[in-house]
Amino acid sequence: MVHDMVSENAVIVFGRRGCCMSHVVKRLLLGLGVNPAVYEVEEKDEEGVARELEAIGGGGDNNKVQFPAVFIGGKLFGGLDRIMATHISGELVPILKQAGALWL
């Protein structure tokens with residue numbers, strides 16, 4: 001199920017239900033004109049979903065998926081820190097355009 005969501009959406013955010021960092025990621029993307037899919041993970045499901053995301057994104061023992069986890073173009077992009085850093089550097093919009101999440 002998780003694999004299908006990642007492959008069917010240009011941008012998807014996986015985050016804990018009610019997490020403020022997930023909200024920040026979503027608001028930033030919305031502000032750029034992207035309408036990301038958002039999947040809120042229940043506390044009881046966190047470990048299973050994280051393992052599935054690691055399998056999709058290639059996370060190893062040293063690269064555990066942490067929430068919020070953002071997938072762009074079917075690939076694990078990172079979390080809030082990477083989204084913010086690439087936004088500040090001006091690199092995020094071209095990445096979103098390349099993934100088909102932005103048209104302008």
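Residue numbers run from 1 in the order of the sequence given. Just so it is clear, the values below take in all heavy atoms, side chains as well, and ignore hydrogens, waters and symmetry mates.
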Visitor: Please name the pair of heavy atoms, one in Ile72 and one in Ile83, separated by the smallest distance, quoted to 0.1 Å.
Guide: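 Heavy atoms of Ile72 and Ile83 come nearest at CD1-CD1, 4.4 Å.
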Visitor: Same cluster or not: Met5 versus Leu96, using hydrophobic residues (I, L, V, M, F, W, Y) connected whenever any side-chain heavy atoms lie under 4.5 Å apart?
Guide: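 Cluster IDs for Met5 and Leu96 differ.
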Visitor: Before you tell me yes or no, could you show the steps for Phe14 and Val2 under side chain to side chain contact (heavy atoms under 4.5 Å, CB included), namely the whole-Å CA-CA distance, both residues' side-chain angles and the distance that decides it to 0.1 Å?
Guide: CA-CA 10 Å; Phe14 291 89; Val2 173; 3.9 Å; yes
Visitor: Quick check for you: to the nearest 0.5 Å, what is the distance between His3 atom NE2 and Glu52 atom CD?
Guide: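 One gets 10.0 Å once the value is rounded to the nearest 0.5 Å.
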Visitor: Can you measure from CZ (Phe67) to CG (Leu53) and round to the nearest 0.5 angstrom?
Guide: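 Taking CZ in Phe67 and CG in Leu53, the distance rounds to 5.5 Å.
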Visitor: If you look at every heavy atom in Ser22 and Gly15, which pair is closest and at what distance?
Guide: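 Looking at all heavy atoms of both residues, the closest pair is OG-CA, 3.3 Å.
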Visitor: Are there more than 12 heavy atoms of other residues, nucleotides or ligands under 6.0 Å from atom CD of Glu47?
Guide: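 Not more than 12 within 6.0 Å, no.
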Visitor: Is there a path of hydrophobic side-chain contacts, each under 4.5 Å between heavy atoms of I, L, V, M, F, W or Y residues, that connects Val70 with Ile56?
Guide: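 No, Val70 does not connect to Ile56 through the hydrophobic network.
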Visitor: Met21 and Val11: same hydrophobic cluster, using ILVMFWY side-chain contacts below 4.5 Å?
Guide: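 Per the 4.5 Å side-chain linkage, Met21 and Val11 are co-clustered.
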Visitor: Flag yes if Val38 and Ile12 sit in one hydrophobic cluster, no otherwise; membership is Ile, Leu, Val, Met, Phe, Trp, Tyr, and two members link when side-chain heavy atoms are under 4.5 Å apart.
Guide: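 In one cluster: no.
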Visitor: Leu76 and Val25: same hydrophobic cluster, using ILVMFWY side-chain contacts below 4.5 Å?
Guide: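 No: no chain of side-chain contacts under 4.5 Å links Leu76 to Val25.
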Visitor: Taking all atoms of both residues into account, what is the closest heavy-atom pair of Gly78 and Arg82, and its distance?
Guide: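 What the structure gives for the nearest pair is CA-CB, 4.3 Å.
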Visitor: Can you name the nearest heavy-atom pair linking Ala10 to Ala99, along with the distance?
Guide: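 In terms of heavy atoms, the two residues are closest at CB-O, 3.7 Å.
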Visitor: State whether the side chain of Asp45 and the backbone N or O of Val41 hold a donor-acceptor pair below 3.5 Å, judged by distance alone.
Guide: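 Answer holds: no.
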Visitor: Answer whether the closest heavy-atom distance between the side chains of Arg27 and Leu30 falls below 4.5 Å.
Guide: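 They are in side-chain contact.
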Visitor: Could you walk me through whether Lys26 and Val13 pass the side chain to side chain contact (heavy atoms under 4.5 Å, CB included) test, one step at a time?
Guide: CA-CA 7 Å; Lys26 180 182 173 188; Val13 178; 5.6 Å; no
Visitor: Nearest heavy-atom pair of Pro36 and Val34: which atoms, and what distance?
Guide: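 Looks like CD-O, 3.1 Å.
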Visitor: Can you tell me how far apart OG (Ser7) and CZ (Phe71) are? Round to the nearest 0.5 Å.
Guide: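 Output value for this atom pair is 11.0 Å.
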Visitor: Check this for me, if you would: do Glu46 and Arg16 make a salt bridge, where the nitrogen-to-carboxylate-oxygen distance has to be below 4.0 angstrom?
Guide: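 Yes, charged N to carboxylate O under 4.0 Å.
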Visitor: In Å, rounded to the nearest 0.5 Å, how long is the span from CE of Met84 to CG of Leu28?
Guide: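 Those atoms lie 6.0 Å apart.
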Visitor: Give a yes or no on this: more than 12 heavy atoms of other residues, nucleotides or ligands lie within 6.0 Å of atom CD of Gln66.
Guide: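 At most 12 heavy atoms, drawn from other residues, nucleotides or ligands, come within 6.0 Å of this atom.
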